[in-house]
Engineer: 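Quick one: the structure is below, questions incoming.
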Protein chains: 4
Amino acid sequence: MWGGRFSEATDSFVAAFTASVGFDQRFARHDIQGSIAHATMLKECGILEASEVATIIEGLQQVLREIEAGEFNWSIALEDVHMNVESRLTDIVGAVGKKLHTGRSRNDQVATDIRLWLREETDNIIALLVRLQSGLLDLAEQHTDTIMPGFTHLQTAQPVSFGHHVMAWFEMLYRDTERLVDARRRINQMPLGSAALAGTTFPIDRTITAKLLGFEGICQNSLDAVSDRDFAIEFTSAASILMMHMSRMSEEIILWMSAQFNFVQIPDRFCTSLLYWLIYHAAKEKP
Amino acid sequence: MWGGRFSEATDSFVAAFTASVGFDQRFARHDIQGSIAHATMLKECGILEASEVATIIEGLQQVLREIEAGEFNWSIALEDVHMNVESRLTDIVGAVGKKLHTGRSRNDQVATDIRLWLREETDNIIALLVRLQSGLLDLAEQHTDTIMPGFTHLQTAQPVSFGHHVMAWFEMLYRDTERLVDARRRINQMPLGSAALAGTTFPIDRTITAKLLGFEGICQNSLDAVSDRDFAIEFTSAASILMMHMSRMSEEIILWMSAQFNFVQIPDRFCTSLLYWLIYHAAKEKP
Amino acid sequence: MWGGRFSEATDSFVAAFTASVGFDQRFARHDIQGSIAHATMLKECGILEASEVATIIEGLQQVLREIEAGEFNWSIALEDVHMNVESRLTDIVGAVGKKLHTGRSRNDQVATDIRLWLREETDNIIALLVRLQSGLLDLAEQHTDTIMPGFTHLQTAQPVSFGHHVMAWFEMLYRDTERLVDARRRINQMPLGSAALAGTTFPIDRTITAKLLGFEGICQNSLDAVSDRDFAIEFTSAASILMMHMSRMSEEIILWMSAQFNFVQIPDRFCTSLLYWLIYHAAKEKP
Amino acid sequence: MWGGRFSEATDSFVAAFTASVGFDQRFARHDIQGSIAHATMLKECGILEASEVATIIEGLQQVLREIEAGEFNWSIALEDVHMNVESRLTDIVGAVGKKLHTGRSRNDQVATDIRLWLREETDNIIALLVRLQSGLLDLAEQHTDTIMPGFTHLQTAQPVSFGHHVMAWFEMLYRDTERLVDARRRINQMPLGSAALAGTTFPIDRTITAKLLGFEGICQNSLDAVSDRDFAIEFTSAASILMMHMSRMSEEIILWMSAQFNFVQIPDRFCTSLLYWLIYHAAKEKP
């Protein structure tokens, strides 16, 4: 991998220490999805032959099947998910497999993989949040007349309804959803085509790849595209605020379940997981 | 302040320890702006007499003038900015000043003040970012043909132009601006009218106050409205990412100024503040 | 596990969600080490028969062999490492295995496991730091006369020797070692004997267990003992400062390797892992 | 200040932006304390005349009196506390004042100031912690027979005594004190004598200055000495853990004061500051 001006092989401890394949395996499906779109674009732009691309895509689909079946042989010597997939592809389809890397680099490839993966995770979380909100709405409707104390600093202050309290939770989750939707717009920009840092001289068309992969925009600057990980920090921040809300909700339920408060009782089968009870109780059907 | 069921005065050390007036003074202008809008709404809804409200507003404007002239006597015994302003108002206009607090609590008042203040700060930062971006754009245009090395891990990789590098900075700031614009929507919701936590029985109309104060929405749940400070955490997160970008830009300039790199030279008059030089050089006119 | 007042089984999703065995497996060796010491103490105090304890210890040793051979069948239904080990023990030795839990709870058991595990990790890190320091000392000795620029803000300031610069790194690591040694004293206190939170009525002798496990002290308060995780936060803080130093050292080498600085060259075989090169070059023999 | 190779004055905005005197004023007393020790050492080593040093020390004492009386004229143009003090010293005693800077730089001076200041703050905090612990000990003694529920996840578990619960707090604070004592050893090392980064050619004796200032050791490497701020990070970490303990104690009292728990009642005069009540109640005499 590090040929070129290098005149000796990587030390074996270094190879093990720097290998990322132990954790970037999880990007395998998105890596292959990105490669299929990239190959398709290379064909559309006349850079690769249609027959070559067909062979590459078939090979990639076989690699994916092997990974999903748990039959893939991950190699630390091949460092990361990209090299593992590409190496196996070449085993299957022969030298044509190497043409897949035309007009791209591992730098823009990994940035693309992370974005595709995080976009999917974000969508999953948003769907769960919407479902929980929907359940909270039902719970609130059932309890518009259930009176409970409103507290300031845990001192009984003014009466409110349990439905009103539940709707305070609803509002927190509404903002969390909004924040994730906003973050998703910045996640969903495509770095592919930036290559190592300075783009490529091949006549690629990034809009084709972006459309195939569902990206709503293209990173405008190649230097920025390969180094930007802001979107991941922003996601982490939104996720932290969300978990703070989950913690507040859980703590309130724990308090209400104490013998001293005795406001709510939850079934034994949920008794080591209040958060789950909340989700279960609030959601319309069982996950 | 803490009358009601209390039968003894607050301990003097406690009063000093819990007083916030030392730092919430900075909200004074927004506190008064909020009070003027609140009083106007109370009049529109027929809760206070027009003449009472006129007196209150004149009084509040006098308080503001005293504060801006540095002639206001801040009192720790009065705990916070709200009580200081209200107490002085009552000194000036008499007992009618106390009617200002009709239908609100310090809980929704402070939440409103923080939002008005942070909205203004956010707008200021966005304006500075846009100006810096505009300057970077000019700088990039001047240097579309200035060739420099592109680096990977500080090893010379491929040639790029200095203009291209500057545009990588532009992109970072573009995202920062977007994040602040997104955060601003969540900052710009009005908690006023939630009172202590359970709203008020006075027939107030929150849409009037919101319109007067330029809020684009009203917090929907009173329990949530007085406890929500998510918007401040979100602002802080966006600001941290922005400062990381500023740090990266500054470090690159420091590197380029070293005798070993010797890519740029900056005038002596900026030599202890690279960031400022950047802003100055990039911006069209001096701040 | 959650019998007693519970009248229904834990929901299966809840069981999977709350199971910790996926990550607390790593404590298996220390969990068994703690159990052997606990059983030995129960015998010494006359709480269990010598023959019972002999059977338990033999059983625990077999469990450990199975785990180390990769033949252990970890069960999510059994929730955590403690229940997995105890359940397998009872399979092997029969009902006497259940007597092992006399006078302890999972609350003090997990606190003990974490401390034993972290003590070992801390010792490993300290040994690596001492070895790296020893290598840096040699490197510094070889370069007492190798002149290089000292920098302020990357501007060449005063000449220093490379040996002097290397000794600045030595000092950073010296403080890191000190901090870990200090943290280790607080890690190395034994919570065992605190049971769930209020101790036990069995006539146990905690000093015996502490001596067998190499703890230098006993947690004095049972409520605190089962809830204290300060030591882990303190370790994390010391580790963060250490990694900041590693990052500074690595960044300096990267800078010196640039074509512009060209101060050092490192062999190709280390070229994707500067930190390792540093350790390798500095240490007397290869890891 | 920035003469030498500089050919133009610092831009006025830059001067204001980079000035630290707004916040490093708080080091004034320690800055002068350090300067007096430094001047004394210069005399002992025969670098300055005894009469010169006497004049400098008298001048420094006058500067301190002016600062403590609030009569000192802080100047942003003079950038930081060091330059403000030195400039005023020269106003008072004439050109001999400039000799104070012999054999030192602002780089080792500010590092020394921060350490002297933080050492004093640390000592103050340790004294407060010891006093609080002493009060908790008394409170625990009074309540060895006051039975209360012990909780797990706020479910009533086993009975404990209130004295036992209070001693759990005592243990937390004991560890906090230990951590601060450990951090203090690393704070209490003297960087003075490292000058800008490479030491000085003047025949100074750092042990004299260290002894005068109560430092228990001398930073061994000049490059490290002027850049090390680990001690401040370590203090911050210890302080964070301490505040987490304070927060836990406060939250427990808030819970116990709720109408539902109703375990404790606190006098009205402390009712906005539970932490203070705790300190007050626990400590033997009022602060």
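Lettering of chains follows the sequences in order, A, B, ..., and the numbering in each one begins at 1. This structure is a prediction, so every number in the text was calculated from the model and none was measured.
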Engineer: Could you tell me whether A:Glu251 atom CD has more than 12 heavy atoms of other residues or ligands within 6.0 Å of it?
Structural biologist: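 Counting other residues, nucleotides and ligands, CD of A:Glu251 stays at 12 neighbours or fewer.
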Engineer: Which answer fits A:Ala198, side chain, backbone, both or neither, if we ask what part of it has an atom under 4.5 Å from a heavy atom of chain B?
Structural biologist: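 Contact with chain B is through both the backbone and side chain of A:Ala198.
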Engineer: Under 4.5 Å heavy-atom distance to chain B, tell me which part of A:Tyr174 shows up: side chain, backbone, both or neither.
Structural biologist: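 A:Tyr174 has no heavy atom closer than 4.5 Å to chain B.
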Engineer: Apply side-chain hydrogen bond (donor to acceptor under 3.5 Å, both in side chains) to B:His245 and A:Asp230, showing your working.
Structural biologist: CA-CA 10 Å; B:His245 291 157; A:Asp230 288 4; 3.0 Å; yes
Engineer: Specify the closest pair of heavy atoms between A:Ala168 and B:Leu223, including all atoms of both residues, with the distance to one decimal.
Structural biologist: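 Taking A:Ala168 first and B:Leu223 second, the nearest heavy atoms are CB-CB, 3.9 Å.
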Engineer: Determine whether more than 12 heavy atoms belonging to other residues, nucleotides or ligands lie under 6.0 Å from atom CG of A:Asn262.
Structural biologist: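 Atom CG in A:Asn262 is packed in, count exceeds 12.
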Engineer: Could you tell me if the side chain of A:Asp224 sits less than 4.5 Å from the side chain of B:Arg175, heavy atoms only?
Structural biologist: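 In contact.
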Engineer: Taking A:Asp182 first and then B:Arg185, would you say they form a salt bridge - that is, a charged N and a carboxylate O separated by under 4.0 Å?
Structural biologist: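 Salt bridge flag = yes for B:Arg185 with A:Asp182.
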Engineer: May I ask you to test the B:Asp228-A:Met172 pair for a side-chain heavy-atom distance under 4.5 Å?
Structural biologist: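 Heavy-atom side-chain distance check fails, nothing below 4.5 Å.
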Engineer: Less than 4.5 Å to any heavy atom of chain A: does that hold for the side chain of B:Phe151, its backbone, both, or neither?
Structural biologist: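 For B:Phe151, the backbone is the part near chain A, not the side chain.
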Engineer: How close do A:Glu234 and B:Ile241 get, counting heavy atoms only, and between which atoms?
Structural biologist: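 So the two residues come closest at N-CD1, 4.2 Å.
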Engineer: Give a yes or no answer on whether the side chain of B:Asn221 reaches the backbone of A:His165 with a donor-acceptor pair at less than 3.5 Å.
Structural biologist: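 Judged by distance alone, no pair lies under 3.5 Å.
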Engineer: Taking atom NE2 as the centre, does A:His101 end up with more than 12 heavy-atom neighbours from other residues, nucleotides or ligands that are less than 6.0 angstrom away?
Structural biologist: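 It does: A:His101 NE2 has more than 12 such atoms within range.
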Engineer: Quick check: do B:Arg179 and A:Arg186 have side-chain heavy atoms less than 4.5 Å from each other?
Structural biologist: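 They are in side-chain contact.
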Engineer: Counting only non-hydrogen atoms closer than 4.5 Å, does B:Ser222 touch chain A with its backbone (N, CA, C, O), its side chain (CB onward), both, or neither?
Structural biologist: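 Interface part for B:Ser222: both.
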Engineer: How about B:Glu216: does its CD atom have over 12 heavy atoms from other parts shown lying under 6.0 Å from it?
Structural biologist: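 Yes, the 6.0 Å shell around CD holds more than 12 heavy atoms from other groups.
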Engineer: At their closest point, which heavy atom of B:Ser237 faces which heavy atom of A:Ser237, and how far apart are they?
Structural biologist: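 That closest heavy-atom pairing would be OG-OG, 2.9 Å.
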